[in-house]
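Data first, discussion second: the structure below is written as structure tokens.
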Amino acid sequence: MCDDDARPESSLGRRTLFVTSAAAALTLGSVSFASADDAADAADGSQETRTLRGTLPTGSPDFVYVPVEVPAGVREIKVAYTYDRPAVPAGTAGNALDIGIFDERGTDLGGRGFRGWSGGARTEFFLRADDATPGYIPGPVREGTWHIALGPYTVAPQGLSYEITVTLTYGEPGRTVPPKYPPSRARGRGRAWYRGDCHLHSWYSDGRRTPAEIAALARAAGLDFINSSEHNTHAAHPHWADLAGDDLLIMLGEEITTRNGHVVALGTDPGTFVDWRYRARDNRFGRFARQIRRAGGLVVPAHPHATCIGCNWKFGFGEADAVEVWNGPYTPDDEVALADWDGMLVASVREGGGGGRDWIPAMGSSDAHRDPDAVGSPQTVVLADDLTREAIQEGIRAGRSYVAESKNVSVSFTATAGPGQHADIGGRLEVSPDTPVTVRTEVTGAPRCVVRFVTDQGVLFTGAPLPVAGAGVVEWRTTPSYAAYVRAELRHETAAGPLPGALAAFTNPIFLGRR
């Protein structure tokens, strides 16, 4: 399937190809360096370099592995790569080639040998005991067969020609420093509403900001918590330790970026890596969703209707603890995601389970990568018992949350019937079908926005625009027989036309009626 050549220095030899899984991966012939005896005699700091060239055709497997035989006595491994980007007709995908590496422990699914991934964000990387390129895991360069992992994300009709240069530096390894992680709690305010952004990228994947810059922006955005979510790597986890504080809880996770959609692992145990090398047809996602939960995290499908290649969510929502309905600046794919989520709410009440664990709460996150992406826009506002990882996760899982475009917007949303009959966001007002129910929304920080009440029958009430001051109270009366649930949307005023304005905020539902 692939024509591949290795050029040690001046000689050129054809490499043997081994297909490990026709649908998923291809393993090339290995690249060898010095023998063990020669490596033992190598001077400290001496280097050896090998260059590998090849071409991948259209229809290539998702992953191509290049074995590298690493002798003993290596202090550092460095990999650089380039590939061609020929012109393609309009509407045709060009070349895009991702890269990462696995050590001598192998490439088995589950990632025991995983040592880093930079996708298409970098053209070179290095690893040694005491340091590594962002996105990669420091540690000893041990003797054995390592594997460079190539991911041909898209391949042009002309094929994808690449060149990989591997350089080994010999010598005594440095000292690997044990990682230190941020604490799982901050000071908090007891049971209160806490603001967070759970989908962020630093230079440890394809972002351009440092963790320190992100932490500063999070504080400026009024956030109480954030979640580290780099693409397909946990390399950033130790680098958040010194940035947390009494005012900012930093949770750790990953954005598992498959070819059939992305999922945020929210608040996993420090150092947790979750593999991404599978498609929906492989029936493996459940295994890794369970791994996320065993590691103390939540499973959150991200931007399920995004239009980028490989972004559209195809794994279903049976494993989801929440779903990211609003991702970054509000766009038409967010509107589709909101409508799709609302359809899932309708299905849950039709089946008689609304308000139980068979409905999926919604979230929003910025997915900020670089300037001008705004950290905390949008943000998920969670009612939690304290500012701890577990309390925040419990509030998200229960749906006690709403999504706001910024710290300026606050929403209170309740449903009441009679004395002592009261429910908040994510809750249930258990009253008989014909009991009059008053739904009330109090808003601040939303000038000229419009409040809409959305039910299983659609939008049943739209209020007048709020004043320029941005504060107001909107009430509506209904019954459980008329509305099985109610949720609030806060939308910017539109100039004209039937389409609703962009969201300023929306809440998870309140369910009405007895189960």
Side-chain angles (χ1 to χ4, degrees), residues 24-25 62-63 98-102 107-121 134-137 149 151 153 197-202 204-207 226-237 251-306 308-325 327-328 337 360 363 365-369 393 396-397:
D62 288 348
F63 302 102
D98 294 343
I99 196 166
I101 196 166
F102 291 76
T107 62
D108 289 347
L109 197 64
R112 195 166 64 94
F114 177 77
R115 290 294 294 272
W117 181 259
S118 49
Y136 292 80
I137 313 299
Y153 192 64
D197 190 345
C198 294
H199 188 166
L200 295 159
H201 296 280
S202 76
Y204 285 89
S205 60
D206 63 342
I226 59 175
N227 179 69
S228 171
S229 55
E230 308 295 354
H231 293 284
N232 297 342
T233 181
H234 59 296
H237 286 190
M251 297 188 288
L252 304 175
E254 179 187 336
E255 183 177 6
I256 298 96
T257 306
T258 81
R259 299 299 180 88
N260 285 163
H262 303 183
V263 59
V264 171
L266 197 167
T268 51
D269 294 336
T272 297
F273 166 72
V274 184
D275 213 320
W276 73 98
R277 294 172 294 159
Y278 43 85
R279 288 180 180 252
R281 67 189 179 207
D282 299 325
N283 197 29
R284 288 170 171 161
F285 175 66
R287 166 185 168 184
F288 294 99
R290 290 189 293 273
Q291 179 196 350
I292 292 169
R293 293 197 188 91
R294 283 196 305 270
L298 300 184
V299 178
V300 184
H303 45 66
H305 291 279
C308 47
I309 294 174
C311 292
N312 192 266
W313 184 251
K314 297 182 183 297
F315 293 96
F317 295 92
E319 297 284 355
D321 295 303
V323 58
E324 186 187 76
V325 166
N327 175 278
I360 303 172
M363 296 181 61
S365 296
S366 72
D367 200 0
H369 283 68
Q393 290 173 322
I396 291 171
R397 189 186 294 108

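Remember, predicted model here, so these are calculated numbers, not experimental data.
Evaluation of the side-chain hydrogen bond (donor to acceptor under 3.5 Å, both in side chains) rule for T258 yields no partner, not counting sequence neighbours. Take H369 and apply the ring pair (Phe, Tyr, Trp, His ring centres under 6.0 Å) test, not counting sequence neighbours, and it matches H201, H231. For A295, the side chain to side chain contact (heavy atoms under 4.5 Å, CB included) criterion is met by T268, D269, T272, not counting sequence neighbours. Scanning for side chain to side chain contact (heavy atoms under 4.5 Å, CB included) contacts around S366 gives D197, L200, A368, with sequence neighbours left out. H237 is linked by a side-chain hydrogen bond (donor to acceptor under 3.5 Å, both in side chains) to nothing, counting only residues two or more places apart in sequence or in another chain. Not counting sequence neighbours, the partners of Y204 by the ring pair (Phe, Tyr, Trp, His ring centres under 6.0 Å) test are H239. Listed by chain and number, the residues in a side-chain hydrogen bond (donor to acceptor under 3.5 Å, both in side chains) with S365 amount to none (sequence neighbours excluded). Qualifying side chain to side chain contact (heavy atoms under 4.5 Å, CB included) partners for R293, counting only residues two or more places apart in sequence or in other chains: A289, V299, E319, D321. The side chain to side chain contact (heavy atoms under 4.5 Å, CB included) check on D98 picks up W117, Y153, with sequence neighbours excluded. Remark: T107 engages no residue in a side-chain hydrogen bond (donor to acceptor under 3.5 Å, both in side chains) (not counting sequence neighbours).
Between F288 and Y278, the two ring planes are parallel [angle under 30°; tilted spans 30° to 60°].
Screening T233, I256, N232 for a side chain to side chain contact (heavy atoms under 4.5 Å, CB included) with V274, the sole residue that qualifies is I256.
A donor atom on one side chain and an acceptor atom on the other are found under 3.5 Å apart for E230 and S205. Residues H234 and E254 bring no donor and acceptor atom of their side chains to less than 3.5 Å of each other.
By the 6.0 Å and 45° rule, R277 does not stack over the aromatic ring of F114.
Aromatic ring centres of F315 and W313 lie closer together than 6.0 Å.
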